[in-house]
Amino acid sequence: MAKRVAVLLAGCGVFDGSEIHEASAVLVHLSREGAQAEVYAPNTPQMHVVDHVKGQPTAEQRNVLVESARIARGNIKDLATLDVKGLDALIIPGGFGVAKNLSTWATQGKNCSVSKEVEAVLRAFHAAHKPIGLCCISPVLAAKIFPGCEVTVGHDTECEQWPYAKTAEAMKELGCRHVNSQVTEAHVDARNLLVSTSAFMCNAPIHQVHDGIGSMVREVLRLA
């Protein structure tokens, strides 16, 4: 039987939701590997809405589930209905929505809180010994919830190629082990069944980001 993988989205658009290219890459690679994706999002308001032309917040208000449905082509479920028993794995693409709508990392960094609903889902998969795949900024969720875990957001030294490397330092301060990796690679924490890849934490060509997500998806399915 095809493996059933929950894909948790956080809106639609890099600056206030899920990173669209990352979400699409996850769905493409799951399809290529013969897995069945089931897309979920929390039915909650976004932290704010960002004009992606100007890069500035607007006064508009949007819902995370409604916006995520754009990526899922309407085939999406409320996160509140997720039942880990019928699923084999969980994958969370990146984008600022992870740090704004699934947690408060964007405003509070390592002192953030994770949405209770999102934390419950992550803990449920972890307790059931089912793998969790994480892209880009989403490994911060694991760093916050599972002290001592191993994840990657790419490199821990900031430079033009790795403009968000300070994230790795903040994660280390939470007690997790950060593993430096290339954008095309995925890191596996075999003890916690966590698979992470840096994606757009790296200033890299889009095809390399796509390849790295493919590595992550294949490792998740291998562990499932």
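- Taking 4.5 Å as the limit, every side-chain heavy atom of Val217 sits out of range of all side-chain heavy atoms of Val5.
- The shortest distance between side-chain heavy atoms of Ile71 and Ser24 does not fall below 4.5 Å.
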Between Asn75 and Val39, does a side-chain contact (heavy atoms from CB on, under 4.5 Å) hold up when you go through it step by step?
CA-CA 7 Å; Asn75 187 12; Val39 185; over 6 Å; no
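- At a threshold of 4.5 Å between non-hydrogen side-chain atoms, the residues Met171 and Val153 count as touching.
- Take His155 and apply the side-chain hydrogen bond (donor to acceptor under 3.5 Å, both in side chains) test, not counting sequence neighbours, and it matches Gln182.
- Scanning all heavy atoms of the two residues, the minimum distance from Ser18 to Ala10 falls at OG-N, 2.7 Å.
- Linking Ile, Leu, Val, Met, Phe, Trp and Tyr residues whenever their side-chain heavy atoms come within less than 4.5 Å places Val118 and Val84 in a single cluster.
- A chain of hydrophobic side-chain contacts below 4.5 Å, direct or via other Ile, Leu, Val, Met, Phe, Trp or Tyr residues, connects Leu27 to Val220.
- Listed by first and then second residue, the salt bridge (charged side-chain N to carboxylate O under 4.0 Å, His left out) pairs involving residues 71-91 are Glu38-Lys77 (not counting sequence neighbours).
- Looking only at distances, no side-chain donor or acceptor of Glu22 sits under 3.5 Å from a matching main-chain atom of Pro93.
- In this structure, Leu30 and Leu221 have side chains that are in contact, with non-hydrogen atoms separated by less than 4.5 Å.
- For residues 40-62, the set of pairs meeting the salt bridge (charged side-chain N to carboxylate O under 4.0 Å, His left out) definition, not counting sequence neighbours, comprises Glu60-Arg62, Arg62-Glu67.
- In terms of hydrophobic clustering, with Ile, Leu, Val, Met, Phe, Trp and Tyr side chains grouped at heavy-atom distances under 4.5 Å, Leu9 and Val49 are assigned to different clusters.
- Among pairs with a residue in residues 189-200, none fulfils salt bridge (charged side-chain N to carboxylate O under 4.0 Å, His left out), at least two apart in sequence or across chains.
- The cluster map of Ile, Leu, Val, Met, Phe, Trp and Tyr, joined by side-chain heavy atoms under 4.5 Å apart, puts Val28 and Val26 in different clusters.
- The structure places CD1 of Ile132 at 5.5 Å from CG of Leu90, a figure rounded to the nearest 0.5 Å.
- By the 4.5 Å heavy-atom criterion applied to side chains, Ile137 and Glu19 are not counted as neighbours.
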For Leu79 and Val64, run side-chain contact (heavy atoms from CB on, under 4.5 Å): C-alpha distance rounded to whole Å, both residues' side-chain angles, the deciding distance at 0.1 Å, then the answer.
CA-CA 11 Å; Leu79 184 60; Val64 178; over 6 Å; no
Determine, stepwise, if the pair Ser215 / Thr197 fulfils side-chain contact (heavy atoms from CB on, under 4.5 Å).
CA-CA 8 Å; Ser215 298; Thr197 189; 5.9 Å; no
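- Side-chain contact between Ile206 and Phe200 is present, with heavy atoms from C-beta onward closer than 4.5 Å.
- No more than 12 heavy-atom neighbours from other residues, nucleotides or ligands sit within 6.0 angstrom of CZ on Arg32.
- Between atom CD1 of residue Ile91 and atom CE of residue Met216 there is a gap of 4.5 Å, rounded to the nearest 0.5 Å.
- Listed by first then second residue, pairs satisfying salt bridge (charged side-chain N to carboxylate O under 4.0 Å, His left out) with a partner in residues 116-145 read Glu119-Arg123, not counting sequence neighbours.
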Just list the side-chain donor-acceptor pairs under 3.5 Å for residues 41-48, sequence neighbours left out, or say none.
residue : atom : partner : partner atom : Å
Asn43   : OD1  : Asn63   : ND2          : 2.9
Gln46   : NE2  : His48   : O            : 3.0
His48   : NE2  : Lys100  : NZ           : 2.9

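- For the salt bridge (Lys or Arg N to Asp or Glu O under 4.0 Å) test, residues two or more places apart in sequence or in another chain that qualify with Arg177 are Glu150.
- Between Thr81 and Tyr40, the closest side-chain pair of non-hydrogen atoms falls below 4.5 Å.
- A distance of 8.5 Å separates SG of Cys136 from CD1 of Ile213, quoted to the nearest 0.5 Å.
- Among all heavy-atom pairs drawn from Ala89 and Ala224, the shortest one is CB-CB, 4.5 Å.
- In this structure, Met1 stands alone, with no Ile, Leu, Val, Met, Phe, Trp or Tyr side-chain heavy atom under 4.5 Å from its own, directly or through other members.
- Ser198 OG to Asn180 CG: the interatomic distance, rounded to the nearest 0.5 Å, is 10.0 Å.
- Shown here are the ring-ring contact (aromatic ring centres under 6.0 Å, His included) partners of Phe146, two or more places apart in sequence or in another chain: His126.
- Residues Phe125 and Ile145 share a hydrophobic cluster, clusters being chains of Ile/Leu/Val/Met/Phe/Trp/Tyr side chains in contact below 4.5 Å.
- To the nearest 0.5 Å, atoms CD (Gln208) and CD (Glu185) are separated by 11.0 Å.
- The salt bridge (Lys or Arg N to Asp or Glu O under 4.0 Å) test applied to Glu169 returns Lys172, not counting sequence neighbours.
- Using a distance-only test at 3.5 Å, with no hydrogens or angles considered, no donor-acceptor pair links the side chain of Thr152 to the main chain of Ser196.
- At least one side-chain heavy atom of Cys12 sits less than 4.5 Å from a side-chain heavy atom of Ile20.
- Ser181 contributes atom OG, which lies 10.5 Å from atom CE of Met201 (distance to the nearest 0.5 angstrom).
- If you chain together ILVMFWY residues whose side-chain heavy atoms come under 4.5 Å of each other, Val50 ends up grouped with Val14, Phe15, Phe96.
- Evaluation of the ring-ring contact (aromatic ring centres under 6.0 Å, His included) rule for His29 yields His210 as partners, not counting sequence neighbours.
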Go through Leu141 and Ser103 one step at a time and tell me if the side-chain contact (heavy atoms from CB on, under 4.5 Å) criterion holds.
CA-CA 8 Å; Leu141 302 176; Ser103 73; 3.8 Å; yes
